[in-house]
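Inspection log for the structure reproduced underneath, given as structure tokens.
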2 protein chains.
Amino acid sequence: MIKEIINSKYPISKNSLNEIESLVELVDYGKGETFIKKNRRNLKEYFLLEGVCKSYLINPEGEEITISFFNEKSILSPYTTRTQDEISVINFQALTNTKLATIDAKEFERLMIDNLEIRNFGNTVLRNELSQKVEKEIGLASLTAKERLLKFREQFPMLENLIPHTDIASYLGITNISLSRLRSDLAR
Amino acid sequence: MIKEIINSKYPISKNSLNEIESLVELVDYGKGETFIKKNRRNLKEYFLLEGVCKSYLINPEGEEITISFFNEKSILSPYTTRTQDEISVINFQALTNTKLATIDAKEFERLMIDNLEIRNFGNTVLRNELSQKVEKEIGLASLTAKERLLKFREQFPMLENLIPHTDIASYLGITNISLSRLRSDLAR
DNA sequence: CACTTCCATTAACAAATGATAAAATCGTAT
DNA sequence: ATACGATTTTATCATTTGTTAATGGAAGTG
């Protein structure tokens, strides 16, 4: 399962794969559980085996802002990009019941240093993280809300019927009322 | 000069600094020059010593979308985050005459592998890149255009009188006409 | 079953932003 | 100084999005 996820990003040899798999631990989280908390210590990398997650922040008005969604069989944002001095700078929540594989981030860093394949894999994940952000940024800056919704549907086909629309609305940068309007608009 | 820039992000020892400085080459680019071109080979890391730059992309409508601005004495987006298979995925342009220090990206990667301080420095730059994107994303998703303009002014105090407003407007996700309205609004 | 709570939808109005066109301003070259 | 071209501002109208409030439905609870 992890093999499948890794190979979908950057294929690596059987050996390298074994190095990673020897470090893996499995964890389950229930629907609604926030398993990476902002301002709390966290030292893990995550593979999302089953279920759906989001990352989010609280804005100055106290509202939850969805930053990203994560589909089944994907990799959550790399440790380096969401952690400062071993303290998380963002929240991750299970939107459904989930199964995750975790690796100690320091041990994975060591693997990246020692093993070129794993390093390339890690850097690919990193770059993908960035380019997704750039793409979302471009969307927010230059698409209408309707276009952003259509793009969201392509990227996360099942989510609209699975999770609260409030989460989707804040991801799209609109109110949930606007989202509802767009939905009925697109339905006819 | 490079010392100053590095230490402002993540202070490192004299030794590590020398390792970096031994690899540096200086380059100048004139106002308007696009010195990293999308779909072109690029293998460098960049320190911006003097002048101002932007990164940008062309959207499907053929319009330039400004992704980020870079102030004097800062570090441009790390190689890994803007490059795939040694080919750039984004453009960088000098908005004024600029002086840059460059390092071969592969050699810098080697330094990161061999030297813990430099690795920490590199990862800090990477994380900063990400968190700036997240912050901008939140801004686009949950602030009004007027609030985004005010934030832009805090972050880039001189830019509004220095570069074409079209560049700023696309960065803020509005038309240049809206930008003009907001300017006159805020002026009274 | 009645009741609550949470979400999603709808309506009506206000505010913000976009599109188009026309005027004003600025910098630069002649 | 003048003229040109590019940029910025202003004006007008259309569209999109936000705000507030009311309504309806689904799921869970006593």
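Lettering of chains follows the sequences in order, A, B, ..., and the numbering in each one begins at 1.
- Going from atom CG of N176(B) over to atom P of dT7(D) covers 10 Å, rounded to whole Å.
- Residue E25(B) places its CD atom among 12 or fewer non-hydrogen atoms of other residues, nucleotides or ligands, all under 6.0 Å distant.
- Rounded to whole Å, the distance from CG on D185(B) to P on dT17(C) is 10 Å.
- One interatomic measurement links the two molecules: CD1 of I163(B) to C1' of dC26(C), which rounds to 17 Å at whole-angstrom precision.
- Rounded to whole Å, atom P of dA16(C) lies 14 Å from atom CG of L149(B).
- Relative ring orientation between F69(A) and F156(A) is described as perpendicular, the plane-to-plane angle rising above 60° on a 0-90° scale split at 30° and 60°.
- Around the CZ atom of R110(A), the shell of radius 6.0 Å holds no more than 12 heavy atoms that belong to other residues, nucleotides or ligands.
- The separation between H165(B) atom NE2 and dA6(D) atom P is 18 Å, rounded to whole Å.
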Inset, instruction - Give the B/S/- string for nucleotides 17-22 of chain D, one per nucleotide from 5' to 3', where a protein heavy atom under 4.0 Å of the base yields B, of only the sugar-phosphate yields S, and otherwise -. - result: BBBB--

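- Between E160(B) and R183(B) a salt bridge is recorded (basic side-chain N to carboxylate O distance below 4.0 Å).
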Inset, instruction - Could you walk me through whether K151(A) and E135(A) pass the salt bridge (Lys or Arg N to Asp or Glu O under 4.0 Å) test, one step at a time? - result: CA-CA 11 Å; K151(A) 212 169 161 186; E135(A) 201 177 341; 3.6 Å; yes

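- Side-chain atoms of N123(B) never come within 3.5 Å of backbone atoms of T80(A) as a donor-acceptor pair (strictly under, hydrogens ignored).
- Two residues are said to be in side-chain contact when any heavy atoms from C-beta on lie closer than 4.5 Å; S180(A) and I177(A) fail this criterion.
- Just one residue in the list F70(A), Y79(A), Y46(A), Y29(A) forms a ring pair (Phe, Tyr, Trp, His ring centres under 6.0 Å) with F92(A), and that residue is F70(A).
- Using a 4.0 Å cut-off between a side-chain N of Lys or Arg and a carboxylate O of Asp or Glu, E64(A) and K54(A) qualify as a salt bridge.
- Counting to the nearest Å, the C1' atom of dT7(D) and the CD atom of E160(B) are 14 Å from each other.
- If you measure from atom CG of N161(A) to atom P of dC7(C), you get 16 Å, rounded to the nearest angstrom.
- Protein atom CZ of R183(B) is 19 Å distant from nucleotide atom P of dA24(C), rounded to whole Å.
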Between protein and nucleic acid, restricted to nucleotides 26-28 of chain D and to nitrogen or oxygen atoms under 3.5 Å apart, what atom pairs and distances do you find?
none

